[in-house]
Amino acid sequence: MGFLSILSFAHAIVGERVRSGDVVVDATMGNGHDTLFLAGLVGDGGHVYAFDVQPAALAATQARLAAAGVPAARYTLLLRDHAELADALPTDARGAVAAAMFNLGYLPGADHAVTTQPATTLRALDAALATLRVGGALCAVVYPGHPGGAEEAAAVEAWAAALEPERWQAVTYRFLNPRNPPPYVVAVEKRK
Ligand code: SAH
């Protein structure tokens with residue numbers, strides 16, 4: 001088997017953990033690719049809570065979901081900082097979330113100054129972990145090649161590396177010899 005691309009790896013680890021009827025989180029909606037992927041996994045009985053701070057991201061995501069025919073009852077698009085994730089989710093989602101996806105950096109095609117920031121990203125990652133069920137996973141794609149992205153990627157990696165090993169299993173998936181610093185995956189599974 002050839003090595004999976006970064007995005008294929010992210011989708012594989014999320015896809016194998018999410019079942020029809022599950023509740024999941026897209027912490028960085030962007031243009032809605034992951035929101036659509038997640039909405040397909042959870043089916044009509046499930047729900048996707050998706051976050052972004054830019055109205056353009058919500059508009060792009062809404063358009064993508066509608067064009068794909070995803071019923072509106074399957075998702076909630078929140079114009080909200082993902083650092084507020086714990087407050088934004090219904091209380092019954094706590095400890096029940098099957099997967100949380102992060103795709104850091106800036107919205108392609110929009111203002112590159114609006115980018116995820118290490119401080120709020122780390123708060124959001126902590127909040128997302130607290131919502132996971134046992135066997136659930138958090139998957140972050142980090143972008144060390146973006147301005148400010150190397151610091152953020154290092155912060156996310158250090159955050160994951162410091163998690164208590166009895167409760168969490170943390171991995172990275174990255175290509176070691178590309179010409180430019182490539183995006184890579186930092187993923188965490190809740191063990192107990
Ligand atoms: N770098 C990826 C796309 C990332 S999109 C690529 O190149 O494909 C990241 C999204 O996160 C953007 O739409 C941005 O608006 C959003 N974002 C930035 N800060 C945020 C925050 N605090 N809470 C939620 N979303 C945020």
Side-chain angles (χ1 to χ4, degrees), residues 4-15 23-39 47-68 75-90 93 97 99-132 138-157 159-160 172-175 178-188:
L4 292 177
S5 72
I6 293 302
L7 293 178
S8 299
F9 183 83
H11 283 193
I13 57 175
V14 169
V23 175
V24 296
V25 171
D26 182 353
T28 50
M29 213 178 299
N31 287 318
H33 296 280
D34 289 340
T35 317
L36 178 60
F37 169 68
L38 289 166
H47 205 83
V48 186
Y49 292 92
F51 293 79
D52 209 291
V53 290
Q54 297 193 75
L58 271 76
T61 301
Q62 177 60 54
R64 186 177 303 282
L65 294 167
Y75 58 87
T76 303
L77 306 186
L78 298 153
L79 183 63
R80 204 159 168 182
D81 187 336
H82 48 211
E84 297 170 11
L85 199 144
D87 296 332
L89 294 192
V97 169
M101 298 187 77
F102 288 73
N103 195 349
L104 302 179
Y106 51 76
L107 179 64
D111 182 358
H112 289 193
V114 184
T115 180
T116 53
Q117 301 289 332
T120 42
T121 297
L122 293 181
R123 279 172 55 201
L125 290 169
D126 275 329
L129 276 198
T131 69
L132 290 182
L138 179 158
C139 182
V141 179
V142 302
Y143 288 77
H146 290 187
E151 294 75 12
E152 185 174 45
V156 171
E157 212 177 309
W159 168 84
T172 61
Y173 179 71
R174 70 193 299 180
F175 291 86
R179 294 219 181 276
N180 300 304
Y184 63 96
V185 171
V186 177
V188 179

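Source: prediction; values computed, not measured. Both counts, for ligands and for their atoms, begin at 1 and track the order of listing.
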K.L.:
Measuring from non-hydrogen atoms of His146 to any atom of ligand 1, is the shortest distance under 4.0 Å?
P.N.:
yes

K.L.:
Hey, which atoms in ligand 1 end up nearer than 4.0 Å to a heavy atom of Pro108?
P.N.:
3 (C), 6 (C), 7 (O), 8 (O)

K.L.:
To the nearest 0.1 Å, how far is atom 25 (N) of ligand 1 from its closest protein heavy atom, and which atom is that?
P.N.:
Asp52 CA, 3.5 Å

K.L.:
Determine yes or no for a side-chain-to-main-chain donor-acceptor pair under 3.5 angstrom, with Tyr49 supplying the side chain and Ala93 the backbone.
P.N.:
no

K.L.:
Looking only at protein heavy atoms, which one is nearest to atom 22 (N) of ligand 1, and what is the separation?
P.N.:
Asp81 OD1, 2.9 Å

K.L.:
Give the minimum heavy-atom separation between Asp52 and Gln54, together with the two atoms involved.
P.N.:
OD1-N, 3.0 Å

K.L.:
Has ligand 1 got any nitrogen or oxygen that is less than 3.5 angstrom from a nitrogen or oxygen of Asn103?
P.N.:
no

K.L.:
In terms of residue, atom name and distance, what is the protein heavy atom nearest to atom 8 (O) of ligand 1?
P.N.:
Tyr143 OH, 3.6 Å

K.L.:
If we ignore hydrogens and angles and just use 3.5 Å, is the side chain of Thr131 paired with the main-chain N or O of Ala86 as donor and acceptor?
P.N.:
no

K.L.:
Among protein heavy atoms, which lies nearest atom 5 (S) of ligand 1, and at what distance?
P.N.:
Tyr106 O, 3.5 Å

K.L.:
Tell me the closest heavy-atom pair linking His82 and Phe102, and the distance in Å.
P.N.:
ND1-CE2, 4.3 Å

K.L.:
At a 4.0 Å threshold, what atoms of ligand 1 neighbour a non-hydrogen atom of Thr116?
P.N.:
11 (O), 17 (N), 18 (C), 19 (N)

K.L.:
Determine, using heavy atoms of Leu104 and all atoms of ligand 1, whether some pair is separated by less than 4.0 Å.
P.N.:
yes

K.L.:
Among Val25, Leu7, Asp26, exactly one meets side chain to side chain contact (heavy atoms under 4.5 Å, CB included) together with Asp34. Which residue is that?
P.N.:
Asp26

K.L.:
Would a 4.5 Å heavy-atom cut-off, applied to side chains only, mark Leu129 and Leu132 as touching?
P.N.:
yes

K.L.:
Can you check whether Asn103's main-chain N or O pairs, donor with acceptor, with Thr28's side chain at less than 3.5 Å?
P.N.:
yes

K.L.:
Kindly say whether Val185 contributes a backbone atom to a donor-acceptor pair with the side chain of Thr172 at under 3.5 angstrom?
P.N.:
no

K.L.:
Give the numbers and elements of all ligand 1 atoms closer than 4.0 Å to a heavy atom of Gly105.
P.N.:
9 (C)

K.L.:
For ligand 1, which atoms, with element, lie under 4.0 Å from some heavy atom of Ala27?
P.N.:
24 (C), 25 (N)

K.L.:
Taking all heavy atoms of Val141 and all of Ile6, pick out the closest pair and write down the distance.
P.N.:
CG1-CG2, 3.8 Å

K.L.:
Considering only the protein, which heavy-atom contact is closest to atom 23 (N) of ligand 1, and what is its distance?
P.N.:
His82 N, 2.9 Å

K.L.:
Which residue supplies the protein heavy atom nearest to atom 26 (C) of ligand 1, what is that atom called, and how far is it?
P.N.:
Val53 CG2, 3.7 Å

K.L.:
Going by distance only, is there an N or O of Thr28 that falls short of 3.5 Å from an N or O of ligand 1?
P.N.:
no

